[in-house]
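I have placed the structure first, in the form of structure tokens, so that the comments after it can refer back to it.
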Amino acid sequence: MAYTVEQVSIMDSIINRYPRKRSAIMPLLHFVQSIDGYVTNEGIELIGQKLELATAEVTAVSTFYTQYKSKPVGDYHVGICTNTLCAVMGGDAIFESIKEHLDIENDGVTNDGKVSVEHIECNAACDYAPVVMVNWEFYDNQTVQSTKDLVDAARAGNPPAPTRGPNKLRTWKENSAVLAGISDGLANEGVQAGEPTLLGLKKAKGGA
Amino acid sequence: MSIQELGADQQVQVEMITCVIDGFEITVPKGTLVIRAAEKLGIQIPRFCDHPLLAPAGACRQCLVDIEINGRAFPKPQASCTIPVENGMVVKTQLTSPVADKAQKGIMELLLINHPLDCPVCDKGGECPLQNQAMSNGRAESRFEGVKRTFEKPVAISSQVLLDRERCVLCARCTRFSEQIAGDPFITLNERGALQQVGIYEEEPFDSYYSGNTVQICPVGALTGTSYRFRARPFDLVSTNSACEHCASGCAMRTDVRRGKTLRRLAGEDAEVNEEWNCDKGRWAFKYEVAKNRIKNPMIRDSSGQLQEVSWPEALAEAANGLKNSRSGVLVGGRVTIEDAYGYSKFARVALNTNNIDFRARLHSQEELEFLATAKTNATYKDLDNADHVVLIGFEPEDESPIVFLRIYKQVHKRSIKVTSIAPYASRGSEKLKANLIKSASGSEVSAISALSGLTSKSVVLVGERISETEGGLSSIVKLASDTGAKLGWIPRRAGEKGAIAAGALPNLLPGNRLISNSSARVDIAAAWSVDSVPSEIGLSTEEMINSDLQALLIGGIDPMDISPEAKIKLAKKFIVSLEIRQSDITDIASVVLPVAPVVEKSGSFMDWQGKVRKFEAAVDQTLNRSDVRILSMLADEIGKPINLPTVNSARVEFESIGSWDGEVSTMKLVVGAGNKAINNDEAIISSWRNLLDKGSLQDGEENLAGTARKSKVVISQSRAKSLNVSDGDLVRVSNNYGAVTLACQISDIDESSIWLPRNSLNSQLIRNLGVVSNSVVKVAKA
């Protein structure tokens, strides 16, 4: 897929944010995902050309980070934390049941292309364990049932709003654009630091 | 404090550091790594990723040692390949520290967890750092009882390099080499954690001219050469130090032979020349010597016009008869050893009584002849190491002398030195050197050369043989060097050209740079040769000999298609004695064919572009060491005017005893350059050079190597593309009265009047197809 003149000029504006071109590689990879849904060869070649890097070097970066996908994911990419705390709080059970529920393996996509599932490492939200993320938005204190409801709603095209974060869940591509540094204006929507997160601080300051 | 020598004219004070390793005190320059300081004491710390010519990585962790500084110990063992020594440092290696020893054994055990036990079928088995160090510094038994990780194998990362991922220990030597030394970062470490592996971008193979070095420095058997894979065990090979015959870079090599057959060639070590690297052509192009059309016995042409195998005495008698009673000359070819060139040189003067001798089996000019006989070319690799500015004129180092490229690239990578290239467009090599391009159509480089400024005595001007195709080119370079004091290097493509100059295989030159025009130089040589006199008349050049009415020619290894499309037809009218390795265009027309040995079967020496002698011995023994000079000596005996050089060694001794001319020298007669050519809109000035990997005859028979050759393309400018209405990759036809070439185009920032094509590549053999290679007007059209 060839990129439009407008898309290429956005890439240039991203590159211009950095004193050295090559620093722009990560937002550009997100930007490619916001267009193609994953890191395509066309994207790798264009980034290599723009940043004066070999395509192999771009490949090295894009395969190192798990947020960059080498094949398409769903419109709603569900990440289930299976690190220690989330796992014992129910993450393992959620992960197993969702794979069975959607009839896909880890890193798989449903046939309709709507939902994909991946087990993820710690998201720094242990205070809300077990945590599920959809397109990198938080769904806190999940259960097997709540997660099934969440993925079913996502498949139907009307997922509930994240527990914290914006008032409406955006798609994989839309959130990839945000990760590329293109603001969607929703950064201040919803809960920021929640009650459990601030509890320790409160206690330290002598609160109840 | 001590003084470390950096260059002849430059000494730098280096701070010295004293530390203790395993109880021994040692003083080394500041910045020395612990692992290197230990080596100086003869203490070997096991390692995989460490390589003295690559930046430290600390990737494999095998070299862990215990370190304390001024009584304060590091809390855990440290990688000795990344830590420089400091005053007061006390290092304990595995020899004196049980902690370091245990740490090393632990690392080795981890590295071996996923490493297959396929040493008996692995190319590296028997010369493998992992195998060796697992024995010397590992545990005897693994505690790992799980299933080893496996990958699909092997992955061809190019047609000549194969990757077995499960053998890899992730030392990153190959990726660091590609990035830091070759400037071709086409292989990288991909993925992460347990899945981390060496890989390429899937659409772009590892087509680097230097990829073979990664096979050589891989400390395990993860990277192997396609041609050598499963062919031999290292302990079955007989290794001989040799020199590379492919170009004038002068690489030291090692040739490994099994049962009389060359199986592989490796880069040898020579800090002053190729360090530890070579190019893929030097490494893999050696199958020509066992090609089917190898000539084994002497042949003469019978009355029906067929070559018939005959005995040596019969062939020599026939050759002598044809040569001795006619006006004759000698075409040496550019690939001979110094000893052989000396043989040809002496043979022409003594046995044939003529100065008709020329080694230039390529385009050449009278101006170049003057230049070769008189110019002071004094640049060396060391000058490149210390240069402030390198100027490339008619010279593409990556294609035409690849180790020169590596040396320049090293300084570009390390010190960002300035590189200027006078060329029609920026080749991939120029781009890697970040060269400042002075766009110049072939034939009109003189104005660009004259306009060069800012050169100092630390600058190096490197000139390729192709500049002789531009009238006035070499003259303006000589002027530039003498005006600025810059060092000058003339770098021919072929390995034998510098040596042939020294041996006097030119129509105006005798051995040791003695001009034929100088009578005392002639007397000098006549005395050395115990003859009454040597001929005083300047001889004919290659082209003149081909076009002349000389009746007989003695021809070494040349390809007439390197000179002109009609050369073969013209030569066919003469009595030809051909000294050849394989059947060729010359043996096709020769009256007598005398077989000679390829480099691996003979001894001798080449002279690299610096003028340094690169001696080598025969790698394949049980051969007759049939170097050209031996045959020439027999032939001269037969003619009745002996040259008395029955062995390579006798030629070497005699040539060395003659020495260089220390008498009066002359300076070059300068030639004025021609103006630019006028062209119409649908015309262009053709320019070309040879890609490193192309249709050259010494690359015959090695298809894996050919698989990584760059695709033949015609380079055109943006505006030409627009006027032809073509886009990148469309076919473009280049033609003249002689013929045509049709190639896919590459749109690039090339001089507006120029187009560029590879000189001798697939579908683009310019002398054959167009009759011209440069500096000539051709028609360009959409195909």
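Note on naming: letters A, B, ... go to the chains in the order of the sequence lines (proteins, then strands), and numbering restarts at 1 for each one.
- With respect to chain B, the highest number of heavy-atom pairs below 4.5 Å among Leu53(A), Thr66(A), Ile44(A), Thr63(A) belongs to Thr63(A).
- Crowding of Arg165(B) atom CZ: a count of heavy atoms from other residues, nucleotides or ligands under 6.0 Å exceeding 12.
- Per-residue counts of heavy-atom pairs under 4.5 Å with chain B were compared for Ala54(A), Ala60(A), Ser62(A); the largest is that of Ala60(A).
- The local environment of NZ in Lys148(B) is crowded, with over 12 non-hydrogen atoms from other residues, nucleotides or ligands closer than 6.0 Å.
- The number of heavy atoms from other shown groups lying within 6.0 Å of CZ (Arg20(A)) does not exceed 12.
- The neighbour count for Asp112(A) CG, taken as heavy atoms of other residues, nucleotides or ligands under 6.0 Å away, is above 12.
- For Glu6(A), the CD atom counts as loosely surrounded, since its 6.0 Å shell holds 12 or fewer non-hydrogen atoms of other residues, nucleotides or ligands.
- Neither the backbone nor the side chain of Ser70(A) comes within less than 4.5 Å of any heavy atom in chain B.
- Atom NZ of Lys439(B) has more than 12 neighbouring heavy atoms from other residues, nucleotides or ligands inside a 6.0 Å radius.
- Ile187(B) contributes atom CD1, which lies 11.5 Å from atom CD of Glu57(A) (distance to the nearest 0.5 angstrom).
- Side chain to side chain, Glu45(A) and Tyr201(B) meet the donor-acceptor criterion of an N or O pair below 3.5 Å.
- Heavy-atom neighbours of chain A within the stretch residues 189-200 of chain B, taken at a separation under 4.5 angstrom, comprise Leu189(B), Asn190(B), Glu191(B), Arg192(B), Ile200(B).
- In the displayed structure, Gln718(B) atom CD is contacted under 6.0 Å by at most 12 heavy atoms of other residues, nucleotides or ligands.
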* Asked: Where do Glu203(B) and Thr55(A) land on the side chain to side chain contact (heavy atoms under 4.5 Å, CB included) test, with the steps shown first?
  -> CA-CA 9 Å; Glu203(B) 307 280 324; Thr55(A) 46; over 6 Å; no
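- Counting heavy atoms of neighbouring residues, nucleotides and ligands inside a 6.0 Å radius, atom CZ of Arg22(A) does not exceed 12 of them.
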